[in-house]
Amino acid sequence: PAEPLMVLRLKFLNDTERLVRVRPGDTIGALKRAYFPGQEQQVRLIYQGQLLRDDSQSLAALHLAHNSVLHCHISQHGPAPAPAGPRASADPVHAALNVGSLMLPLFVLMLAVLWYFQLQYRHVFTATATTFLAGLTLLFSFMAFTMYRR
């Protein structure tokens, strides 16, 4: 006997949804191939906060029920090619380090040090330098709040 069909809801980042009919024995890879042909490598499916990395895992193994929601992210670029050589997988710490995430704390630290020096050594800072420091602080604060408000 054939497995019964069940409906899953694919929810995208722009809050649109797409209903798909699948069988519990289907795999994550089969789902991607059927509903995202040619984009399988760019599609990321998330269920209950977990990224579904294993394309050979069946939907039944995930305990998906009828009308379950899979969050779907489609990246604009394909995945980066895996670096060759024995060092590629041997050093996950350097692969996970994102220098861009260090910029905000670095700027905060830099502004804090400048304000400390401005308060401790007022005679060194001219009115123009103090005005520039205040303007830079306001600009940075505005940019930080608009970026991280999302």
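- The two residues Tyr47 and Val69 have their closest heavy-atom pair at CD1-O, 3.4 Å.
- Residues meeting the side chain to side chain donor-acceptor pair (under 3.5 Å) test with Arg9, sequence neighbours left out: Glu17.
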Handout entry: Full working for side chain to side chain contact (heavy atoms under 4.5 Å, CB included) between Tyr35 and Val22
Key = CA-CA 10 Å; Tyr35 292 98; Val22 294; 4.2 Å; yes
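- Checking side-chain atoms of Arg18 against main-chain N and O of Phe12 turns up no donor-acceptor pair under 3.5 Å.
- The distance from atom CD of Gln39 to atom OG of Ser75, rounded to the nearest 0.5 Å, is 9.0 Å.
- Note on Leu70: it clusters hydrophobically with Ile74, by side-chain heavy-atom contacts below 4.5 Å among ILVMFWY residues.
- Proximity of Leu8 to Asn67: side-chain heavy atoms (C-beta onward) are nowhere separated by under 4.5 Å.
- Met110 and Val113 end up in different hydrophobic clusters when Ile, Leu, Val, Met, Phe, Trp and Tyr side chains are linked at under 4.5 Å.
- Residue pairs meeting the salt bridge (charged side-chain N to carboxylate O under 4.0 Å, His left out) criterion with at least one member in residues 127-147: none, sequence neighbours excluded.
- The CG atom of Leu111 sits 10.0 Å away from the CG atom of Leu106 when rounded to the nearest 0.5 Å.
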Listed pairs under 3.5 Å, donor-acceptor, residues 123-143 side chains, sequence neighbours left out:
| unit_1 | atom_1 | unit_2 | atom_2 | d |
| --- | --- | --- | --- | --- |
| Thr126 | OG1 | Ala129 | N | 3.1 |
| Thr130 | OG1 | Gln118 | NE2 | 3.2 |
| Thr130 | OG1 | Thr126 | O | 3.1 |
| Thr131 | OG1 | Ala127 | O | 2.8 |
| Thr137 | OG1 | Trp115 | NE1 | 2.8 |
| Thr137 | OG1 | Leu133 | O | 2.8 |
| Ser141 | OG | Thr137 | O | 2.8 |

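- Here the straight-line distance linking atom CG of Leu31 with atom SG of Cys72 works out to 8.5 Å at 0.5 Å rounding.
- Stacking of Arg44 on the aromatic ring of Phe36 is not recorded, the 6.0 Å distance cut-off and the 45° axial limit not both being met.
- Side-chain atoms of Leu45 and His71, non-hydrogen and from C-beta on, never get closer than 4.5 Å to each other.
- As a member of the Ile/Leu/Val/Met/Phe/Trp/Tyr network built from side-chain separations under 4.5 Å, Leu13 groups with nothing else and remains a singleton.
- With contacts defined as side-chain heavy-atom distances shorter than 4.5 Å, the pair Leu19/Val7 qualifies.
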For residues 54-63, run the donor-acceptor check on the side chains, cut-off 3.5 Å, and write out each pair with its distance to 0.1 Å, sequence neighbours left out.
| unit_1 | atom_1 | unit_2 | atom_2 | d |
| --- | --- | --- | --- | --- |
| Asp54 | OD1 | Ser56 | N | 3.1 |
| Asp54 | OD1 | Ser56 | OG | 2.6 |
| Asp54 | OD2 | Ser56 | OG | 3.4 |
| Asp55 | OD1 | Lys32 | NZ | 3.1 |
| Ser58 | OG | Ala61 | N | 3.1 |

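- Of all the heavy atoms in Pro4 and Pro24, the pair that sits closest is O-CD, 3.3 Å.
- By the side chain to side chain donor-acceptor pair (under 3.5 Å) test, Asn14 is found to be paired with Thr16, residues two or more places apart in sequence or in another chain being considered.
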